[in-house]
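What you see below is based on every heavy atom in this structure, not just the backbone, and it leaves out hydrogens, waters and symmetry mates. Throughout, protein chains are lettered first and strands after them, A, B, ... in sequence-line order, and every chain is numbered starting at 1.
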Protein chains: 2
Amino acid sequence: MLDNTDLKILKLLKSNCKMQFRDIGEVVHLTGQAVSNRISRMENLGVIKGYTVLLDEKMLNKSLTAYITIFMKTTNHEVFCEFLSNNESVMEANRISGEGCYMLKVQVNSQEDLNDFLDSVLKYGNYRVNISIGKIK
Amino acid sequence: MLDNTDLKILKLLKSNCKMQFRDIGEVVHLTGQAVSNRISRMENLGVIKGYTVLLDEKMLNKSLTAYITIFMKTTNHEVFCEFLSNNESVMEANRISGEGCYMLKVQVNSQEDLNDFLDSVLKYGNYRVNISIGKIK
DNA sequence: GTTTTTTGCTTTCTCCAGGAAAGGATTTAA
DNA sequence: TTAAATCCTTTCCTGGAGAAAGCAAAAAAC
């Protein structure tokens, strides 16, 4: 489905999706149009889901990152998932196996906001919090 | 530093950074050029760190997502951080407070690859694994 | 209170990236 | 052996983005 050239193109797009097709073409030895065709194909296939911007969260009052493990105390997962989907502080949310039911990545402004968030989580379950004190990657 | 219009623009870019400046302008009631100026400003400020592509990891043989908590047994954090930076399976890595030293988000092809990864981690520390069994967000 | 500077916008103009269409080469299917 | 499909290149054209100039309002200086 995807050949090596496609993967190279994806890698380039990942580092900068605004890179010009012609420049990508020079790297992978194709014309810009051929690159364009391949990208369209990957968009249609669903391999490429979208294009987005990388923001400096620190500058946007999202200086505090935490990983939160949720231990549900109710069985109402649907409502909880709804809550997660709608909450702007929740960056990622996965149902997990192993200890706990969900793993969340949360980004907020301050300790206070984190407290507020945890309060609102308490309705659904208990939690374990791991606050990021440094981003490696 | 950033006003409400900037935040609106960022939100739009986050959903689709290839959106045309004129179309963004229509939403925030500005001309395309004004939008362009604001975006350039935010790029220079460092609020916008880059533009990237959202991929369907499942289609790229990255079907297995796991959150891994690392409990270091050596003090050689530098080498470990190096290892994390260079490892393609590691999507995120944060130094954390609370239980454990690092929280990793890892995406691999198979249980086998996860095993291999964990083996290579063992040099540095012990781990707790939480495998994602469903992505909410 | 008036002048000067700065800031942020719009308008205009130009250039080039990207998309469409056509044609060719190679592979796959009939 | 022919027909179809795939994937590429070349050519052409449109329209988006960037640059420059000009304007208006706010901020700073006097």
Side-chain angles (χ1 to χ4, degrees), chain A residues 1-63 88-89 91 107-110 113, chain B residues 1-63 88 91 107-110:
Chain A
M1 195 169 77
L2 296 183
D3 63 16
N4 213 34
T5 304
D6 288 326
L7 295 179
K8 273 189 207 162
I9 292 172
L10 289 181
K11 207 163 188 175
L12 290 168
L13 289 178
K14 206 161 188 187
S15 74
N16 176 19
C17 73
K18 289 205 167 179
M19 196 170 171
Q20 285 170 19
F21 293 176
R22 180 151 51 87
D23 295 341
I24 295 177
E26 274 183 27
V27 179
V28 300
H29 306 298
L30 284 176
T31 58
Q33 284 65 20
V35 172
S36 172
N37 290 340
R38 278 168 176 268
I39 290 176
S40 303
R41 204 186 82 243
M42 290 192 279
E43 285 171 354
N44 293 331
L45 277 171
V47 177
I48 295 175
K49 288 196 292 186
Y51 299 92
T52 189
V53 68
L54 283 174
L55 302 177
D56 189 329
E57 307 289 354
K58 279 179 201 153
M59 293 183 118
L60 290 165
N61 291 332
K62 296 265 186 181
S63 47
E88 282 219 333
S89 302
M91 299 290 124
Q107 284 189 315
V108 291
N109 191 0
S110 61
D113 287 3
Chain B
M1 194 169 78
L2 297 182
D3 63 17
N4 213 33
T5 304
D6 289 324
L7 295 178
K8 273 190 207 162
I9 291 173
L10 289 181
K11 206 163 189 176
L12 290 169
L13 288 178
K14 206 163 188 184
S15 75
N16 175 20
C17 73
K18 290 207 169 181
M19 196 171 171
Q20 285 169 18
F21 293 174
R22 180 150 51 87
D23 294 342
I24 295 176
E26 274 183 26
V27 178
V28 300
H29 307 298
L30 285 175
T31 58
Q33 285 66 20
V35 172
S36 173
N37 290 339
R38 279 168 175 268
I39 290 176
S40 304
R41 204 186 81 244
M42 290 191 281
E43 284 172 355
N44 293 331
L45 276 171
V47 177
I48 295 175
K49 288 197 290 187
Y51 299 93
T52 190
V53 68
L54 284 172
L55 301 177
D56 188 330
E57 307 289 353
K58 278 179 201 153
M59 294 181 119
L60 290 165
N61 291 334
K62 296 265 185 181
S63 48
E88 283 220 333
M91 299 290 123
Q107 284 189 316
V108 291
N109 192 358
S110 61

**Asked** Nearest to the side chain of A:A34 - D:dG16, D:dG18, D:dT9?
**Response** D:dT9
What is the separation between atom [atom1] on [X] and atom [atom2] on [N], rounded to the nearest whole Å?
| X | N | atom1 | atom2 | result |
| --- | --- | --- | --- | --- |
| B:N37 | D:dA21 | CG | C1' | 13 Å |
| A:I9 | D:dC7 | CD1 | C1' | 12 Å |
| A:R22 | D:dT11 | CZ | P | 15 Å |
| B:N16 | D:dG16 | CG | C1' | 14 Å |
| B:L30 | D:dA17 | CG | C1' | 16 Å |

**Message:** Quick test of your reading of the model: are A:E88 and A:K62 salt-bridged, counting only N-O distances below 4.0 Å?
**Reply:** no
**Fill in**
In terms of heavy-atom contacts, A:D56 and B:G46 come closest through CB-O, 3.3 Å
**Asked** Mind checking which nucleotides bracket the chain B contacts on DNA chain C, 5' to 3', with an atom under 4.0 Å from a heavy atom?
**Response** C:dC9 to C:dT12
**Asked** Has B:S36 got a side-chain N or O lying under 4.0 Å from the OP1 or OP2 atom of D:dG18?
**Response** yes
**Request:** Mind checking B:Q33 for me? I need base, sugar-phosphate or nothing, with any heavy atom below 4.0 Å counting as a touch.
**Result:** base
**Request:** Please check if the side chain of A:T52 supplies one atom and the backbone of B:N16 the other of a donor-acceptor pair under 3.5 Å.
**Result:** no
**Request:** Could you tell me whether the side chain of B:S36 and the main chain of B:G32 form a donor-acceptor pair under 3.5 Å?
**Result:** no
**Asked** Relative to the 5' end of DNA chain C, which residue comes earlier, A:M19 or B:H29, by the nucleotide with the nearest heavy atom?
**Response** B:H29
**Complete:** Residue pair B:Q20/A:T31 against DNA chain D: nearer the 5' end by closest nucleotide is A:T31
**Fill in**
Quick note, salt bridge (Lys or Arg N to Asp or Glu O under 4.0 Å) partners involving residues 39-55 of chain A, not counting sequence neighbours, are A:D6-A:R41
**Asked** Are B:M42 and B:I9 side-chain neighbours, meaning at least one heavy-atom pair lies under 4.5 Å?
**Response** yes
